[in-house]
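Here the structure comes first, spelled out in structure tokens, and everything after it is commentary.
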2 protein chains.
Amino acid sequence: MPPTRHQTIKDVAERAQVSTATVSRVINRTGKVHAKTAARVTRALEELGYVPNAWARAMATDGSDLMGLIVPDILNPFFAAIYSGLNETAKHRGLAVWMVDSGDNPEKERQALHMLGRYRAQGIIITPAHPAANLAAIERIGTPVCLVDRRLAKNLWDLVLIDNVNGARQAAQLFVAAGHQRIAIIAGPQDSTPGVERLQGFVDALAAEGLDMPPEYIKFGDFRQESGFSLARELLALDAPPTAIFSCNNLMTMGLLQAIHSYPGAALGETVAVIGFDDIPISTLTDPPLTVVSRPMKEMGVQAAKLITARMEAPEKPQETVVLGPQLVIRGSEKIAGLLRWI
Amino acid sequence: MPPTRHQTIKDVAERAQVSTATVSRVINRTGKVHAKTAARVTRALEELGYVPNAWARAMATDGSDLMGLIVPDILNPFFAAIYSGLNETAKHRGLAVWMVDSGDNPEKERQALHMLGRYRAQGIIITPAHPAANLAAIERIGTPVCLVDRRLAKNLWDLVLIDNVNGARQAAQLFVAAGHQRIAIIAGPQDSTPGVERLQGFVDALAAEGLDMPPEYIKFGDFRQESGFSLARELLALDAPPTAIFSCNNLMTMGLLQAIHSYPGAALGETVAVIGFDDIPISTLTDPPLTVVSRPMKEMGVQAAKLITARMEAPEKPQETVVLGPQLVIRGSEKIAGLLRWI
DNA sequence: GATGTGTCTGTAAACGATAACAAGGAGAGG
DNA sequence: CCTCTCCTTGTTATCGTTTACAGACACATC
């Protein structure tokens with residue numbers, strides 16, 4: 001292959017015997033162009049296989065048509081689904097979405113913010129790694145910002161949230177309805193809003209049912225599989241192990257299942273019941289299949305796209321929060337054989 | 001927040017009482033600048049919170065420092081791992097990676113190629129959705145291209161491949177060693193190289209062991225979970241169902257497990273044994289845990305980064321192919337209780 | 001024929017950065 | 001004191017695109 005330089009609008013102009021302004025007018029359908037001239041330009045465009053240069057355009061128009069999405073874990077289906085919803089909606093508005101992984105790590109997140117700044121993203125959708133770590137950097141961003149799933153220490157930005165309290169409450173009530181008395185929770189980190197809210201909702205709902213949670217039934221993980229595994233083993237090793245465990249995110253649920261599976265004498269649906277927060281691909285493969293609190297993940301991305309494009313058009317409009325409701329998907333793992341409901 | 005325009009190099013120059021050239025020199029450490037001047041510039045840089053404009057830089061230097069990665073499925077951990085390896089290696093070389101999802105769909109892939117072209121990506125790493133659909137478009141790309149995991153109809157580009165034949169052979173031999181006679185395969189689409197090679201390797205290896213595969217034991221799926229599920233049910237419903245099934249990718253393996261789980265009388269490790277191609281998060285959670293042919297996914301991304309950066313420096317060097325070896329991870333699901341090894 | 005009104009097209013100045021070139025000043029050597 | 005170098009800095013053209021402005025022409029109207 002010859003070292004083909006990219007064709008420019010100038011090359012097209014020459015070949016079509018017009019000025020670059022006219023070519024630009026044809027490409028963008030702005031301004032009047034005689035049909036015959038337009039045809040000549042279009043032909044030149046095609047013959048040369050012209051591909052517009054997005055940066056040059058961005059520089060001239062002061063708009064990159066680029067949106068950044070920063071997620072803590074590209075591997076987590078939850079964030080992949082958000083990307084999917086965001087991307088589809090953004091594409092309709094002529095915007096491209098660049099997804100970057102922060103690894104849930106403030107330093108990498110800082111780098112990601114900086115990179116998207118350099119490429120002049122016109123809007124940033126982010127699930128922050130930490131409620132305060134990059135607060136200053138985020139405040140300094142000159143473009144619209146929309147937070148998804150997690151809040152920041154300051155309430156300055158549009159938000160797409162899930163009603164975590166409500167989701168956790170539904171899980172708690174289902175456990176109680178299934179007859180459980182010894183109910184434990186593997187909670188998330190308490191410096192993240194979902195971590196706090198899910199714990200809160202769960203504990204409060206049990207209290208409302210007259211059940212107090214002893215401290216040894218409340219374990220704090222870090223939303224990773226490994227912590228779900230080890231904390232679950234701690235719970236199973238108690239003198240009076242819980243008969244029901246609520247796990248506060250999908251990865252920890254994986255670890256929890258692994259722990260139950262490998263723990264002598266423990267068996268899902270027999271000695272211990274489980275409800276997880278967020279669906280996972282294996283939900284339907286366990287025995288019994290897994291009951292989970294499920295979130296409208298893709299819809300979260302769609303809403304984020306709407307919020308941020310709205311703000312791009314009206315930067316000074318009041319801050320807006322969209323709260324979506326989670327839904328309990330009951331598949332069976334919330335019960336154990338030994339406990340009978342007497343309804 | 002005030003509608004802060006981005007600071008430019010000119011703003012910095014004014015504040016530091018120097019010319020834009022000097023600022024540029026300080027930023028890029030090119031050319032000599034007096035220590036005192038440099039300090040003044042650095043201070044201005046910080047005080048204004050200057051963020052360089054990547055496009056303007058790209059236009060002036062004719063280099064976007066941008067690489068594109070096009071994958072058929074962002075949700076598949078396999079591709080997420082490739083991204084991870086690619087990204088880390090690229091970052092060391094000052095390159096940013098933009099991952100785009102083609103949905104394994106030639107039309108969306110075409111759009112992705114076009115988008116990366118507009119943003120003047122300096123290299124494209126791609127797992128093509130189809131061996132020929134976008135061949136012309138890919139040939140027209142003016143920048144280095146590296147194919148990962150799948151070939152194209154023409155052999156013009158650097159390649160990172162897995163020895164699929166070898167991986168499938170190992171699976172076949174393990175089944176035979178475990179005493180199986182009735183061995184089936186859920187193969188991938190035959191218009192993709194991995195699909196062809198894994199089938200080929202498996203069938204040939206069995207033939208070498210003196211086992212012919214009857215046609216009803218060879219099912220063709222599309223690498224999605226749903227096809228794994230339905231094809232597995234077809235196999236289980238045969239008059240003489242297989243005692244061993246090899247599933248040619250991770251998603252179909254999920255479907256296969258689901259089918260076994262839900263099929264009356266079928267049980268993993270008792271009536272039917274399974275080996276999957278590619279590891280999955282639940283491999284260790286099934287009972288027995290899953291035996292799989294595992295690939296060095298992250299390493300594939302690293303190799304792709306190396307190939308493409310090498311080609312960016314020497315565009316005319318001969319085409320190069322890197323073949324990485326898969327590894328059999330034996331966990332137990334390749335056997336069934338009924339069959340005893342007599343070694 | 002002078003004037004006005006469109007329609008169409010070209011000229012040239014941005015946008016934000018880099019880099020080739022030029023030029024000023026300081027110090028060294030004669 | 002003149003000249004030669006070297007160090008440091010500024011001037012300016014350039015990258016590919018858009019767009020405000022102006023100009024050229026055709027046609028209609030009075």
Within-4.5 Å side-chain heavy-atom neighbours: B/Val41 and B/Arg15: no
Heavy-atom side-chain proximity of A/Thr22 to A/Thr37 below 4.5 angstrom: yes
Atom pair distance, as rounded to whole Å: CG in A/Asn53 and C1' in C/dG16: 14 Å
A/Arg93 and A/Thr309: side chain donor to acceptor below 3.5 Å: yes
Salt bridge (charged side-chain N to carboxylate O under 4.0 Å, His left out) partners of A/Lys298, counting only residues at least two apart: A/Glu88
Overall bend - the helix from C/dG1-D/dC30 to C/dG30-D/dC1, comparing terminal axes fitted on five pairs, nearest 10 degrees: 70°
Which protein N or O atoms sit under 3.5 Å from an N or O of nucleotides 13-15 of chain C?
none

B/Leu66 vs B/Leu95 side-chain heavy atoms within contact, under 4.5 Å: no
For B/Arg118, all residues meeting salt bridge (charged side-chain N to carboxylate O under 4.0 Å, His left out), sequence neighbours excluded: none
4.5 Å side-chain heavy-atom contact, A/Leu161 and A/Val322: no
Residues 119-130 of chain B side chain polar contacts: donor-acceptor under 3.5 Å, at least two apart:
residue	atom	partner	partner atom	Å
B/Tyr119	OH	A/Ser64	O	2.8
B/Tyr119	OH	A/Asp65	O	3.3
B/Arg120	NE	A/His6	ND1	3.2
B/Arg120	NH1	A/Val51	O	3.3
B/Arg120	NH1	A/Pro52	O	3.3
B/Arg120	NH1	B/Gly117	O	2.9
B/Arg120	NH2	A/Val51	O	2.9
B/Gln122	OE1	B/Ser64	N	3.3
B/Gln122	OE1	B/Asp65	N	2.6
B/Thr127	OG1	B/Val148	O	3.0
B/His130	ND1	B/Ala132	N	3.1
B/His130	ND1	B/Ala133	N	3.1

Protein-nucleotide distance (A/Arg57, atom CZ; C/dG16, atom P), rounded to Å: 16 Å
Hey, what are the protein-to-nucleotides 7-11 of chain D N/O distances that come in under 3.5 Å?
residue	atom	partner	partner atom	Å
D/dT9	OP1	B/Thr37	OG1	2.3
D/dT9	OP2	B/His34	N	2.9
D/dT9	OP2	B/Thr37	OG1	3.4
D/dG10	OP2	B/Ser19	N	2.8
D/dG10	OP2	B/Ser19	OG	3.2
D/dG10	OP2	B/Thr22	OG1	3.0
D/dG10	N7	B/Arg25	NH2	2.9
D/dG10	O6	B/Arg25	NH1	3.4

Short side-chain N/O contact to C/dT18 OP1/OP2 from B/Asn28, under 4.0 Å: yes
Under-4.0 Å salt bridge between A/Lys10 and A/Glu14: no
Side-chain N,O (B/Tyr50) to OP1/OP2 (C/dA17) below 4.0 Å: yes
Stepwise side chain to side chain contact (heavy atoms under 4.5 Å, CB included) test for A/Trp157 and A/Leu152: CA-CA 9 Å; A/Trp157 300 277; A/Leu152 279 176; 3.7 Å; yes
Nearest-angstrom distance from the residue atom CZ of B/Arg29 to C1' of C/dA19: 18 Å
Rounded distance (Å) that lies between atom C1' of D/dT18 and atom CH2 of A/Trp55: 18 Å
Cationic N near anionic O, under 4.0 Å, A/Lys306 to A/Asp158: no
